[in-house]
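Each ligand, and each atom within it, is numbered from 1 in the order the structure gives. In this chain, residues are counted from 1 in sequence order. Atoms considered below: every heavy atom in the structure, side chains included; atoms not considered: hydrogens, waters and symmetry mates.
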Amino acid sequence: MREIGHFIGGKHVAGTSGRISKVYNPATGEMQATVALASVEEIRAAVENAKAAQPKWAATNPQRRARVFFKFVELLNKNMDELATLLSKEHGKTVEDSKGDVIRGLEVCEFVCGIPHLQKGEFTEGAGPAIDMYSIRQPVGIGAGITPFNFPAMIPMWMFAPAIACGNAFILKPSERDPSVPLRLAELMIEAGLPAGILNVVNGDKAAVDAILTDPDIAAVSFVGSTPIARYVYGTAAMNGKRAQCFGGAKNHMIIMPDADMDQAVNALMGAGYGSAGERCMAVSVAVPVGEDTANRLVEKLVPKIESLRIGPYTDDKADLGPLVTKDAYNRVTGLIDRGVEEGAKLVVDGRGFKLQGYEDGYFVGGTLFDHVKPEMDIYKTEIFGPVLSVVRAKNYEEALDLPMKHEYGNGVAIYTRDGDAARDFASRINIGMIGVNVPIPVPLAYHSFGGWKASSFGDLNQHGTDSIKFWTRTKTITARWPSGIKDGAEFVMPTMK
Ligand code: NAD
């Protein structure tokens, strides 16, 4: 059995804590590896390596730091098939979808190739008599990232690429459910020329996370995962004096206006609702058709498409979606479908009985559709994180707008309409971080920033874009005077510009 350890100081090391977690192939239900769960001492070893390597890396000029990422991007492209297959084998998503996971991370690496420009400071000449004032962005020192299972390539890269490009060292604590790709990324970073100790990958669970959150040498923590843990990580990191950005769960709505192009809206819902088996924080899990006629037309068109979804293992290159990640996830999702039935929602397509010949022990759930879901139901309030779409019928636009506005989460939302006025009003009034207008999964590109509102995000700076450069650096402002010819006496009052 393969034993997955850690990557510390530029090399693979075996775990020493004696604690492990099991890694499964979600398509077959077979255990395929064990992963070591780090102790406090192992986190400390990673921090010591990071501490030793970081000053020299921070002093490396930004063009040279950028060149590591130019090379890394090249290596990601060269190894794309291998990375995507490795990812699918542990996560379960289709290989094409895994390529998307790698590419969305790669795009952030491309973005940080511009670090010489991105990290430039500000300068004011003549801020006072013979005074110049300038601000510089220095790395925070050692950053840490704690990542979820659903994007094991993209989210680690969203974190470590800007952090490292800014001159920090980094400790990555990936999800214990699919740990192989993050380790492979660390190997490729070394191949790209990154000095040993700058990127360390330490596998683990709560014990490793707590060791990170209380380590005195880690200055900033980025977290992506479920909301209860995001809230915990944010609070604990802040209490320990660390900068933190923590991104949580979601319940993303798509509003379908009566004038929407229905075929376009239905196709968008299929991809955004069922792609990756619904295990995306930007998946659409609630469709809100406006008016009875829109709702009837929507459901009528959705049903045959859901029934003909092709569900398969990652080795089936024609599959639309794969299994859920673990048996626990399977039990949770099917349990929530049971709950929806109990609550009185109309189960139009039931994915619970889905079985794939030859893969009977895999964690497959078929595409599921609920109609007549009400806001007070648990299946509406809870993030299901599975291939389950709920239709909540709204009488009019205001009622539709009210649903995502009042929901606990605020990650993404979309509106389908041909009415520019409605789209503009919607984008302006909604209290959600990422808005799609006729775009179902509005994940901003690498040079804009990603982040939700409300219970989907804790902290004030987003992932990637210029926010990430701010998050992984500290501003230092220097006021310098070279007073040749100026002869002042002592000043005892507060200097002002009056
Ligand atoms: P999770 O919260 O279970 O795990 C995330 C990370 O936290 C993992 O590294 C895990 O080891 C660690 N962790 C788990 N329990 C912990 C505990 N008690 N104390 C400390 N650390 C702990 O999330 P997941 O199931 O891996 O990922 C799915 C969730 O992530 C969904 O809620 C999804 O919406 C969310 N997500 C959000 C975004 C976003 O950008 N908002 C992106 C992707 C995923």
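Nearest protein heavy-atom neighbour of atom 24 (P) of ligand 1: F149 CD2, 3.6 Å. Given atom 19 (N) of ligand 1, the protein heavy atom at minimum distance is K206 CG, 3.4 Å. Protein heavy atom closest to atom 15 (N) of ligand 1, with residue, atom name and distance, is I229 CD1, 3.6 Å. Taking atom 37 (C) of ligand 1 as the reference point, the nearest protein heavy-atom neighbour is G248 O, 3.0 Å. When only non-hydrogen protein atoms are considered, atom 28 (C) of ligand 1 lies nearest to F385 CE2, 3.6 Å. When only non-hydrogen protein atoms are considered, atom 31 (C) of ligand 1 lies nearest to E383 OE1, 3.4 Å. Nearest to atom 40 (O) of ligand 1 among the protein's heavy atoms is F450 CE2, 3.0 Å. What sits closest to atom 25 (O) of ligand 1 on the protein, heavy atoms only, is R177 NH2, 3.2 Å.
Contact detail for A169 and G197: the closest heavy-atom pair is CB-O, 4.1 Å. Residues P162 and M157 share a closest heavy-atom pair of CD-O, 3.7 Å.
Ring-plane geometry between F450 and W158 is classed as tilted, the angle between the planes lying from 30 to 60 degrees on a 0 to 90 degree scale.
The pair K99-D81 counts as a salt bridge, with a side-chain nitrogen and a carboxylate oxygen less than 4.0 angstrom apart. Ion pairing of R332 with D328 is absent here, as no side-chain N (NZ or NE/NH1/NH2) approaches a carboxylate O to less than 4.0 Å. Electrostatic pairing of R310 and D316 counts as a salt bridge here, judged by a charged N lying under 4.0 Å from a carboxylate O. Under 4.0 Å is where a charged nitrogen must lie from a carboxylate oxygen, and between K470 and D460 no such pair does.
Residue contacts with ligand 1 for N411 involve side-chain atoms from C-beta outward but no N, CA, C or O (heavy atoms, distance under 4.0 Å). Using a 4.0 Å cut-off between heavy atoms, F151 makes no contact with ligand 1 at all. Contacts between P174 and ligand 1, counted as non-hydrogen atom pairs separated by less than 4.0 Å, involve the backbone only. The part of I155 lying near ligand 1 is the side chain, judged by heavy-atom distances below 4.0 Å.
Judged by the 6.0 Å and 45° rule, K93 forms a cation-pi pair with F151.
Annotation for ligand 1: atoms under 4.0 Å from non-hydrogen atoms of V224 are 5 (C), 36 (N), 37 (C), 38 (C), 39 (C), 40 (O), 42 (C), 43 (C), 44 (C). Atoms of ligand 1 found under 4.0 Å from any heavy atom of I146 (numbered from 1 in listed order, with element): 6 (C), 7 (O), 9 (O). Applying the 4.0 Å criterion to heavy atoms of F247 picks out, from ligand 1, the atoms 39 (C), 40 (O), 41 (N).
Remark: among candidates S226, S175, C281, the nearest residue to atom 36 (N) of ligand 1 is C281, based on non-hydrogen atoms. By heavy-atom distance, the residue among N203, T227, N150, V209 lying nearest atom 20 (C) of ligand 1 is V209. Of the candidates G145, A250, G225, it is G225 that places a heavy atom closest to atom 30 (O) of ligand 1. Across A207, P148, C246, heavy-atom proximity to atom 27 (O) of ligand 1 is greatest for P148.
Between T147 and ligand 1, a contact under 3.5 Å exists for at least one N or O pair. Checked against a 3.5 angstrom limit, the closest N/O atoms of G249 and ligand 1 fall outside it. The shortest N or O to N or O distance between E176 and ligand 1 is below 3.5 Å.
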- Task: Would you sort out whether K454 and T227 count as a side-chain contact (heavy atoms from CB on, under 4.5 Å), showing the intermediate values?
- Result: CA-CA 10 Å; K454 300 189 278 183; T227 287; over 6 Å; no
- Message: Does T382 form a side chain to side chain donor-acceptor pair (under 3.5 Å) with R339? I'd like the steps, not just the answer.
- Response: CA-CA 11 Å; T382 311; R339 179 80 192 119; over 6 Å; no
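Within the 4.0 Å cut-off (strictly below), no protein heavy atom is located near atom 4 (O) of ligand 1.
With sequence neighbours left out, E42 forms a salt bridge (charged side-chain N to carboxylate O under 4.0 Å, His left out) with no residue at all.
Residue-ligand proximity: V233 is placed with every non-hydrogen atom at 4.0 Å or more from ligand 1.
Results of the salt bridge (Lys or Arg N to Asp or Glu O under 4.0 Å) test with D205 over K173, R19, R177 single out R19 as the only residue that passes.
Under a cut-off of 6.0 angstrom, the local environment of NZ in K89 is sparse, with at most 12 non-hydrogen atoms contributed by other residues, nucleotides or ligands. The environment of E82 atom CD is dense: over 12 non-hydrogen atoms of other residues, nucleotides or ligands sit within 6.0 angstrom.
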